[in-house]
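As structure tokens, the structure follows; a few thoughts come after it.
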Number of protein chains: 2
Amino acid sequence: MLSEAARVLAHRLERFGTLGADDKQVLRALVHHSHIHRPKGDVFREGDRRRDLHVVVSGLFCRYRLLADGSRQILAILLPGDLCDSSFWAEHPYDFSVGALACGSTATFSRTALQDLYRRPALARAFSLARHVDDAISREWLVNMGRRGMEQRLVRLLSELTWRLEALGLVLGNTITLAMNQTDLADALGVTHISVCRTLKQLEAEGLLVPERGRILVQDVAALRAAAGTYPAYLGAQMDVAQVTGLTEATRRHALAVALVN
Amino acid sequence: MLSEAARVLAHRLERFGTLGADDKQVLRALVHHSHIHRPKGDVFREGDRRRDLHVVVSGLFCRYRLLADGSRQILAILLPGDLCDSSFWAEHPYDFSVGALACGSTATFSRTALQDLYRRPALARAFSLARHVDDAISREWLVNMGRRGMEQRLVRLLSELTWRLEALGLVLGNTITLAMNQTDLADALGVTHISVCRTLKQLEAEGLLVPERGRILVQDVAALRAAAGTYPAYLGAQMDVAQVTGLTEATRRHALAVALVN
DNA sequence: CGAAGTTTTGACCAGTGTCAAAGCGAGTGG
DNA sequence: CCACTCGCTTTGACACTGGTCAAAACTTCG
């Protein structure tokens with residue numbers, strides 16, 4: 001399990017530059033624990049002290065903030081290999097929470113040990129670039145929420161996820177199942193679940209997807225992406241689809257089973 | 001001028017940990033050029049190749065994206081000391097533009113040289129923490145756009161700016177002038193300038209501010225902050241108001257004149 | 001004085017939010 | 001195996017925020 005975590009993280013980082021065998025070895029040595037999370041379970045909460053670094057190993061997680069009135073804003077969707085928090089050096093308590101959207105597992109790495117890793121150029125660079133992609137996605141979300149109507153917002157979010165999942169090797173052919181319910185989508189898009197429902201129906205009528213209980217079926221990924229318009233260049237390096245290998249077949253199947261079909 | 005740039009950057013970074021005299025010396029050695037920008041002038045544009053690293057020295061800038069339909073979404077407001085782009089290692093073209101909202105100046109630092117700086121722990125840590133604050137602000141914006149109504153959005157944005165300006169020593173007493181016009185505010189908040197106008201009038205009626213041509217007068221900063229509700233803990237380390245010194249008096253007056261009154 | 005950019009107003013409209021209730025599926029305990 | 005419960009989805013009526021369009025009022029600057 002622990003080596004699995006190191007492998008997922010290493011695979012993710014290798015998107016951004018080759019790591020030496022020693023780099024990977026170091027990562028492997030830093031894994032502490034592994035945790036299983038059920039939907040709605042939290043990895044950590046806003047206000048918690050920053051301790052170890054959490055990495056998503058399998059499943060679907062999100063960064064989110066809860067407001068005084070009880071509403072929730074999802075700040076980012078996290079897929080296997082993503083860091084729950086990319087601020088290595090921050091000492092302050094978290095200003096957001098991370099929770100599971102679907103069943104999944106995370107692993108912890110020693111934060112202080114990882115800070116030392118900054119002496120290793122390849123790792124420092126890889127972590128920094130991973131963070132860069134994170135930032136770019138966040139910028140895209142900001143644009144989405146600020147300037148696009150419901151349909152485009154939804155389509156673009158889903159399209160983004162298909163690209164990111166494909167980069168992980170989790171898209172088989174032209175079809176995909178996303179294990180998100182309408183409430184989660186709503187909280188990610190800054191709208192109500194009612195609105196998501198209406199728009200989903202509309203997209204279903206357009207033949208772009210099929211909403212099901214707790215998930216979205218996309219039978220024609222290419223069509224969905226086309227509806228989103230532009231190619232998501234903001235995913236930058238991540239989209240080096242050539243590099244898609246890297247997860248073992250077992251890992252892939254596990255991820256598919258746990259994260260998506262769930 | 002160039003040493004001015006290094007000083008502003010160093011001052012900003014020192015918020016996040018002490019820099020050695022040698023660290024500062026290194027920064028000073030890396031400044032390339034200085035540029036003056038008029039309102040609406042761009043520092044760089046989406047699609048441009050990433051070359052040197054730009055730092056805001058004085059004035060008010062913003063990161064933004066232009067959409068196909070001509071609308072603009074402002075992604076971040078940049079104040080003196082802020083990096084136009086915090087992705088040191090990214091090689092890809094920019095996925096956003098940076099432009100001036102008010103007259104101001106920027107300086108460029110050698111990107112490759114700065115990358116080498118990562119060997120210096122104090123600098124690496126400081127840059128990383130500066131980025132962390134950047135990210136936290138961006139999260140706050142996401143929450144704002146997703147979950148808050150017009151009045152709160154506007155109040156919180158303005159309140160955030162007062163805090164950030166105070167950390168730079170640019171708030172004299174309890175009064176402040178923000179050199180942003182209604183269109184810029186609208187593009188930052190993801191609404192129309194009409195809506196901003198209406199809300200501004202409302203806030204004026206509540207005695208929180210006075211809209212003027214091209215700027216917002218806040219006579220009672222404390223009241224505005226109170227209206228925003230919570231203390232902006234998300235600004236984290238930046239809000240160490242004790243450390244507010246650091247800019248020379250001349251620099252401060254310059255910044256006040258150029259950035260704010262403009 | 002004229003031109004350009006910004007702010008202001010008003011009328012009207014559309015998209016979302018709100019509220020309430022019903023429908024459906026999956027899982028649970030009897 | 002069935003009845004029940006819980007959580008998620010769907011629908012409809014209605015309210016309301018904020019968007020759209022058009023035009024006028026200012027300011028500033030040349």
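Every chain is numbered from 1 and lettered A, B, ... according to where its sequence line falls, protein lines coming before strand lines.
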Among the nucleotides [options], which one has an atom lying closest to any side-chain atom of [X]?
| X | options | result |
| --- | --- | --- |
| A:C197 | D:dG19, D:dT11, C:dT7 | D:dT11 |
| A:R213 | D:dG12, D:dC26, C:dG25 | C:dG25 |
| A:R198 | D:dT10, C:dT16, C:dT9 | C:dT16 |
| B:T192 | D:dG19, D:dG7, C:dT6 | D:dG19 |

Would you tabulate the side-chain donor-acceptor contacts of residues 67-76 of chain A under 3.5 Å, counting partners in other chains and residues two or more places apart, or write 'none'?
{"from": "A:D69", "atom 1": "OD1", "to": "A:S71", "atom 2": "N", "distance (Å)": "3.0"}
{"from": "A:D69", "atom 1": "OD1", "to": "A:S71", "atom 2": "OG", "distance (Å)": "2.7"}
{"from": "A:R72", "atom 1": "NE", "to": "A:D187", "atom 2": "OD2", "distance (Å)": "2.7"}
{"from": "A:R72", "atom 1": "NH2", "to": "A:D184", "atom 2": "OD1", "distance (Å)": "2.6"}
{"from": "A:R72", "atom 1": "NH2", "to": "A:D187", "atom 2": "OD2", "distance (Å)": "3.0"}
{"from": "A:Q73", "atom 1": "NE2", "to": "A:D187", "atom 2": "O", "distance (Å)": "3.1"}
{"from": "A:Q73", "atom 1": "NE2", "to": "A:A188", "atom 2": "O", "distance (Å)": "3.4"}

Whole angstroms only, please: what is the [atom1]-[atom2] distance between [X] and [N]?
| X | N | atom1 | atom2 | answer |
| --- | --- | --- | --- | --- |
| A:I194 | C:dA22 | CD1 | P | 15 Å |
| B:R215 | C:dT7 | CZ | P | 12 Å |
| A:H193 | D:dG7 | NE2 | C1' | 11 Å |
| A:L209 | D:dT9 | CG | P | 13 Å |
| B:R153 | D:dG19 | CZ | P | 8 Å |
| A:N181 | D:dT10 | CG | C1' | 14 Å |
| A:D187 | D:dC8 | CG | C1' | 14 Å |
| A:L189 | C:dG15 | CG | C1' | 15 Å |

*Please determine if a side-chain N or O atom of A:Q182 lies less than 4.0 Å away from the OP1 or OP2 oxygen of D:dT10.*
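Result: yes.
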*Does OP1 or OP2 of D:dC8 have a side-chain N or O of A:K40 closer than 4.0 Å?*
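A:K40 to D:dC8 OP1/OP2: side-chain N or O found under 4.0 Å.
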*Does A:L200 or B:G190 map to a spot on DNA chain D nearer the 5' end, using the closest nucleotide for each?*
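Counting from the 5' end, the first nearest nucleotide belongs to A:L200.
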*If you measure from CG on A:L200 to CD on A:Q182, what distance do you get to the nearest 0.5 Å?*
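Here the interatomic distance stands at 5.0 Å.
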*Interatomic distance, A:L154 atom CG to A:L208 atom CG [nearest 0.5 angstrom]*: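 So the CG of A:L154 and the CG of A:L208 are separated by 10.0 Å.
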*More 5' along DNA chain C: B:P211 or A:G149, using each one's nearest nucleotide?*
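So the residue in question is B:P211.
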*Lys/Arg-Asp/Glu bridge criterion (N-O < 4.0 Å) met for A:R156, A:E160*: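 Looking at A:E160 together with A:R156, the answer is no, because their closest N to O distance does not fall below 4.0 Å.
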*No-hydrogen, no-angle side-chain donor-acceptor test under 3.5 Å, A:H37 and A:T106*: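 Side-chain D/A pair, A:H37 to A:T106: present.
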